[in-house]
Structures are given as structure tokens and as C-alpha cells.
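The shown structure was predicted, so the numbers you read here are calculated from the model rather than taken from an experiment.
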Amino acid sequence: MKLKLVLLFCSLYTIALAQKLHRTAIDTTLVVNEYGGFWDDMQLLYANLPRIKNSPYKYHFRYRENNQVADIYSNDGINFKGRILNNVILENSDTIKRKENLRDTYIFRYTNVKSDKASQIGQFIIRNKINTIPSRENFPQWNIYSIGGGGISFDFKADEAITHTIYDCPRCQDNTHEDVLKIKKLYFDLRSILNWNQLFVNFNDKLEPGRYYYDGFFSWDSPIKDKVRKWKKRRRAEGKIAPYIKVIEEHLTTALKNTNRSELPADGRYKIYFNKKGKVKKVVYDADRYIKVSSYNAKKIKAIFKNNGIKNLNLKYGFVQVLYTFANSNPFMSRFYGGGYYPKEEHY
């Protein structure tokens, strides 16, 4: 009975505040144990995101990346509707919790997807039978990156058949198997058609400055007020450098492929700051920028990208890339954290 009342309240509140930020105190010990993990439970109880198996639609497809969710659904398999859920946890300090009697705060926003865009995605999934492609553990052609691979997942409901699949870093897959190419195309189409990155950036821009946020994978400080102007300037810089991103990545990937395993730094995730001429200016650990990278590993990274050809692009801004090096997989680069997005990507 208590669960039904919570769901009813969330349903009414979600309708009233569609596409606006909604905040609610959460119980961080909450576990429903019906499906998935903590974030699935939060999204059910606080954002009224239904389980796929309980969806009233004949076709319901869900894409999840860093706990951000896109839902595409239809009854005829032709005309689809959709919505995107952006959500984070505001981690209140112990002082605030004691003073204001607050738990951590769950913040979310729904954005509706235009029917033509939702239909384009839904029809592609049905036409290519994406829901029948096995998950990574049963898909030999799919390279598994156990750490930092930028995983995504899908939940499919089609004619009452329910499937759940997980894939590591589609950007990093180099296999030309037909089903690998289908997943990669869906991944890139989803992000392009739904304007995936920009939606989260817009959502993040609305968050209260100077607070600490968490999306289930990464934590960050939203900039305090006197830094907001500088932060927006970086946003504009990102837009100006965007046309060169593909070329930059090709140059860096080529440099990486021409590097022997012995020339790589120790296993880890390295955030690399390049200036506008493509020269490495600074290297920090992606997981913790306060831990200093040894001079030995920093020199190796600088040597890898010493002659990368980027200076010939005549860029006006520098950029940031993340290098992943792990013993059981090939090294790869990613402009975004975990192969996804990151709200404070820096340019200087």
C-alpha cells in the first residue's frame, strides 16, 4: 500500500513538472529488490519510471548510459513516442543534513522526444532485430572492457518478450561483425538524434552552483557563482572546437595504434590536457585529479602524442582527452568520461 501511494504521488508530480527540475529527499538505503540496483529503484519510486515488464505498450525500448535514460515506446511498432530522463544525486553535506534534517537529494527532469525522432529509432530497432542480439557475455565478437569502458545497456519489450543487454564502449569496438556494426550505429544514432550530450549539459547548467553532484559513476562540483561565466565560456569553446573533434580523434588514435605495449604508461585512466597545437600540457588521473601522475608515466604519454599532426589544424582552443590503458584490452582514447559525457569538459 505504501509503495502504491508513493508511485501515485510521483506520477502526479511528474506530470505537473514535466521538463522541469524536480527535487526530493531520498532514502539512500532504499532497495526494492524487484529489479536492477539502487538507481533503478530511485527512478521507479521518485521519477515514476516504470519497469519495462510493466509497460502498457506492446513495444518499449529503453537505453541507459551513466544512469541517464531514454524511453521509446509504441503499440503498433511504427509510430513511436519517447522521453528522456536526466537525473543526479545532490550530496548534501553532513552539516546541511543535521541543520535542515535532509537526506541526499534526488534531482530529475523529463524531456519529451518528438514523434518523428522516436519513430526513427524504434523502427531501426525492430527492422534490425536489435533486441535479439546477445548481451556482451554471450557475444564473442564484442570486446569487453572490464574497467572504464563506457558501458551502455538496453531493455527491450517486444510482443511480451523481455530482454536486457549490456555492451562496453561501442566507440572502442573495431570488429566488423554485422551485429557489432548494428549496435554501434544505434549507439551513435541515439546520441545524435536525441541530442544526448547537450540535453545533459542543459540539465547540469540548471543545477545549483557550488554543490556536489553524483550520477552513479562520476562526481563533480557544480561551479560556484564567480566561476559560472568562465564555465559558460568553456561551453562556447566546446561548440567552436566541435567540427574538429573527429579529425582530432583520428590523429590521436593513429598515434596510439603506432605505439608498442611497452611504450604505454601503467594501467589506468589518464586525463590529458592538450594545447591548441596538440602538445600535451598536463596529465592527471581521470579518477582523482589530486593524485599526481609519476613523471615516468607522464613522459611516456607525452612521447606517444609528440608528433600527432594536430598543429596543422590551426585550432583556436585546446582540448581534453582521456587515455585508457588496461592489461586485458587494447588502449583507447575517449573525449568523454567513460565513453559518455561529462558536464565539466574543459578547454583552455
Side-chain angles (χ1 to χ4, degrees), residues 143 145 147-150 168-169 171-174 197 201 217-221 223 227 230-348:
N143 295 322
Y145 297 89
I147 304 176
D168 297 89
C169 194
R171 295 166 58 89
C172 313
Q173 303 298 318
D174 55 7
N197 284 353
V201 167
F217 290 90
F218 303 105
S219 301
W220 67 91
D221 295 296
K227 292 185 178 180
K230 183 178 180 181
W231 196 35
K232 289 183 176 179
K233 183 178 180 181
R234 288 205 301 268
R235 289 275 185 271
R236 292 193 294 271
E238 180 175 338
K240 291 177 181 178
I241 201 172
Y244 299 98
I245 289 299
K246 185 175 181 180
V247 178
I248 289 172
E249 291 180 342
E250 288 175 352
H251 279 291
L252 298 182
T253 300
T254 299
L256 196 58
K257 285 184 177 179
N258 292 333
T259 303
N260 296 324
R261 171 65 69 173
S262 61
E263 298 172 323
L264 293 172
D267 290 355
R269 299 188 319 211
Y270 299 92
K271 187 176 181 183
I272 308 172
Y273 292 76
F274 294 85
N275 66 13
K276 61 184 180 181
K277 293 184 178 181
K279 183 178 180 181
V280 176
K281 300 298 293 183
K282 182 173 67 172
V283 180
V284 298
Y285 284 116
D286 180 30
D288 191 339
R289 65 181 183 274
Y290 299 110
I291 299 178
K292 187 176 180 181
V293 175
S294 70
S295 59
Y296 175 77
N297 286 324
K299 285 180 180 179
K300 280 197 168 188
I301 291 173
K302 289 181 178 180
I304 292 171
F305 302 109
K306 184 176 181 180
N307 299 309
N308 52 41
I310 290 175
K311 65 179 180 180
N312 298 323
L313 298 178
N314 296 319
L315 300 178
K316 293 184 178 180
Y317 300 91
F319 56 95
V320 176
Q321 290 259 335
V322 179
L323 169 63
Y324 296 82
T325 59
F326 300 111
N328 297 322
S329 64
N330 294 324
F332 61 94
M333 302 293 296
S334 174
R335 183 167 66 100
F336 304 105
Y337 277 64
Y341 54 78
Y342 193 67
K344 284 172 49 177
E345 190 168 8
E346 298 165 71
H347 299 274
Y348 60 100

Counting distance only, does the side-chain N/O of [X] pair as donor-acceptor with the main-chain N or O of [Y] below 3.5 Å?
X: Asn275; Y: Lys277; result: yes
X: Gln321; Y: Tyr270; result: no
X: Lys311; Y: Lys279; result: no

Exercise. Kindly indicate, with the supporting measurements, whether the criterion side chain to side chain contact (heavy atoms under 4.5 Å, CB included) is fulfilled by Val280 and Tyr273.
Key: CA-CA 6 Å; Val280 176; Tyr273 292 76; over 6 Å; no
Nearest non-hydrogen partners of [X] and [Y], listed with the distance:
X: Pro331; Y: Thr325; value: CB-CG2, 4.1 Å
X: Val283; Y: Ile272; value: CG2-CG2, 4.4 Å
X: Gln173; Y: Asp168; value: NE2-O, 3.0 Å

Practice problem: Start with the C-alpha distance between Leu264 and Ile304, add both sets of side-chain angles, then the distance that settles side chain to side chain contact (heavy atoms under 4.5 Å, CB included), and finish with yes or no. | Solution: CA-CA 8 Å; Leu264 293 172; Ile304 292 171; 3.9 Å; yes
Quiz prompt | Leu323 vs Pro265 side-chain heavy atoms within contact, under 4.5 Å | solution = yes
Enter the distance from [X]:[atom1] to [Y]:[atom2] here, rounded to the nearest 0.5 Å.
X: Leu256; Y: Glu263; atom1: CG; atom2: CD; value: 10.5 Å
X: Lys302; Y: Lys281; atom1: NZ; atom2: NZ; value: 8.0 Å
X: Asn258; Y: Asn308; atom1: CG; atom2: CG; value: 12.0 Å

